[in-house]
Amino acid sequence: MGLRVLRGARFAALARWVLVAAASAGTGMLLLAALGWPLAHPHRPSDAAVRLVWCAVPVVVTVQFAVAAGRAVPGGWPRPGLAAVGLGRAGVALLAASATAIACAAGSAVALLVFLHLRGDLGGLPFHGAASDVLGGGGSVPLAGALTLLAVVPVGAAVTGAARLWPPRTVSTAPAPAEVSATAPPKGLPWGVALTAVGLAAEVAAPHGHGMPLPGGLGSIAPLALGGWAVATVGMVLAGPGVVHACGRLLAAFRPGALRLLAGRALQEESRAIGRPLGALCATAAAVPAVYDLHRGGRPFGPLTALATVLVVLCILATVGTALLEAKRGREPANAALRQFGASPALLRGAVALRAGVVLAAAVPLTALVAALATVPPGR
């Protein structure tokens, strides 16, 4: 049934699935390249483990994008029609998860074909054998290991998507206060701020010296600095919904007019949907100066490092765009009601522009502050 969902999707949803498959193919190619490295360099097995560890970043962002695409699709499905065929909320979650897994599996299959073609296993050797030397051409590929690595993204996306969409277990028959819970402040802001501060402190305190090698020959990084960067990234993701909610409360405070009230209430309601992708985007932007310093230091990007960098950036941007489109679709009933009450299109467009301006005014300085405080001590 998941394949029928993909075949019957509208153009916008089908374009999202194509992007998910492309992201899965890129991540699968990186995983297979990490597998092919020890085949080409059997005397350097530790490098293969390091390359596989660094593949965790593209895997996480690809799974995040796939889950965001899978969550956006059920919002356009007719609930009465799904209920008529016996699909409740649990069935919808499993259906969306299966569609996500199929799209990711298609991308993984493409990655396997490209990998075998570049190695020369499918006949012919493209690029004069340059890629074959990196991917371990001439040796046999461990099929079990390749399939296991390629299954990481589809299985991770399906499990995470089903967990995100799975209906919560109700312990009480009392109706939930929808109006209160929709605008209640997220609880992750204090934890996010604390984790970001701890991560930045770890980066500052990291010693200089030999550490974990960076991909693409960019040098090495101290393990404490790497851990601090990971903790700070998690903190920014957790703090994102709280920051967006605070922007909404600030807009709706101090005797707001219609424009500020609409913009502030919308931000408060959408803070959970767009806050975490926005936090991930800010964390990615904060890491750009450190990557640029490494590149400017005479260490050029290799092809696989460039692929991973582009893949991470595009997946983060696609996740943010998907969250914004989902939030826009959720506002359509409220906007239709406002138009019936006489709200002008200029008022609604002004509210959108005001929301975007306030969020950017808060996110850009915070990102610049984190980027200025973050230091990545070189390992050598």
Side-chain angles (χ1 to χ4, degrees), residues 9-16 68-83 89 92 96 164-165 175-189 239-282 316-367:
R10 297 180 179 179
F11 177 78
L14 191 59
R16 278 197 301 267
R71 291 185 62 184
V73 172
W77 291 346
R79 295 291 179 178
L82 293 175
R89 295 185 61 183
V92 169
R164 292 280 186 89
L165 291 172
E179 292 80 4
V180 177
S181 61
T183 58
K187 299 180 179 179
L189 182 58
V243 172
V244 175
H245 190 275
C247 292
R249 291 194 65 177
L250 183 62
L251 276 178
F254 307 110
R255 296 183 180 180
L259 181 63
R260 286 201 294 127
L261 184 61
L262 284 176
R265 284 293 184 176
L267 277 182
Q268 293 179 59
E269 293 177 359
E270 297 167 0
S271 60
R272 291 172 175 81
I274 67 176
R276 290 190 176 181
L278 182 63
L281 179 61
C282 293
I316 294 293
L317 291 176
T319 303
V320 174
T322 301
L324 292 176
L325 290 177
E326 187 178 2
K328 178 182 178 182
R329 185 173 57 191
R331 289 196 308 269
E332 289 178 355
N335 289 341
L338 288 172
R339 293 190 189 97
Q340 291 179 355
F341 282 107
S344 64
L347 177 64
L348 299 179
R349 288 194 298 267
V352 172
L354 184 58
R355 287 198 299 270
V358 170
V359 171
L360 287 177
V364 172
L366 291 177
T367 303

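What's counted below: heavy atoms across the whole structure, side chains too, no hydrogens, waters or symmetry copies.
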Closest non-hydrogen atom pair between Thr322 and Ala68, with its separation: CG2-O, 3.6 Å

How long is the span from the CG atom in Leu278 to the OG1 atom in Thr367, to the nearest 0.5 Å? 7.5 Å

Give the minimum heavy-atom separation between Arg355 and Ala266, together with the two atoms involved. NH1-CB, 3.5 Å

Heavy-atom closest contact (Ala327 atom, Ile274 atom, distance): CB-CG2, 4.1 Å

Shortest non-hydrogen contact from Ala252 to Leu261? CB-CD1, 4.4 Å

Look at Glu269 together with Arg331 and state whether they make a salt bridge at an N to O cut-off of under 4.0 Å. no

Are Leu259 and Leu347 packed together at the side-chain level, in the sense that at least one heavy-atom pair is separated by less than 4.5 angstrom? yes

So which heavy atom on Leu267 is nearest to which on Gly248, and how close? CB-CA, 3.7 Å

Check Leu251 against Gly264 and note the closest heavy-atom contact, atom names and distance. CB-CA, 3.8 Å

Salt bridge (Lys or Arg N to Asp or Glu O under 4.0 Å) involving Arg260 - partner list, sequence neighbours excluded: none

Enter the distance from Leu348:CG to Arg339:CZ here, rounded to the nearest 0.5 Å. 5.5 Å

Nearest-0.5 Å distance, CD of residue Glu326 to CD of residue Glu270: 10.0 Å

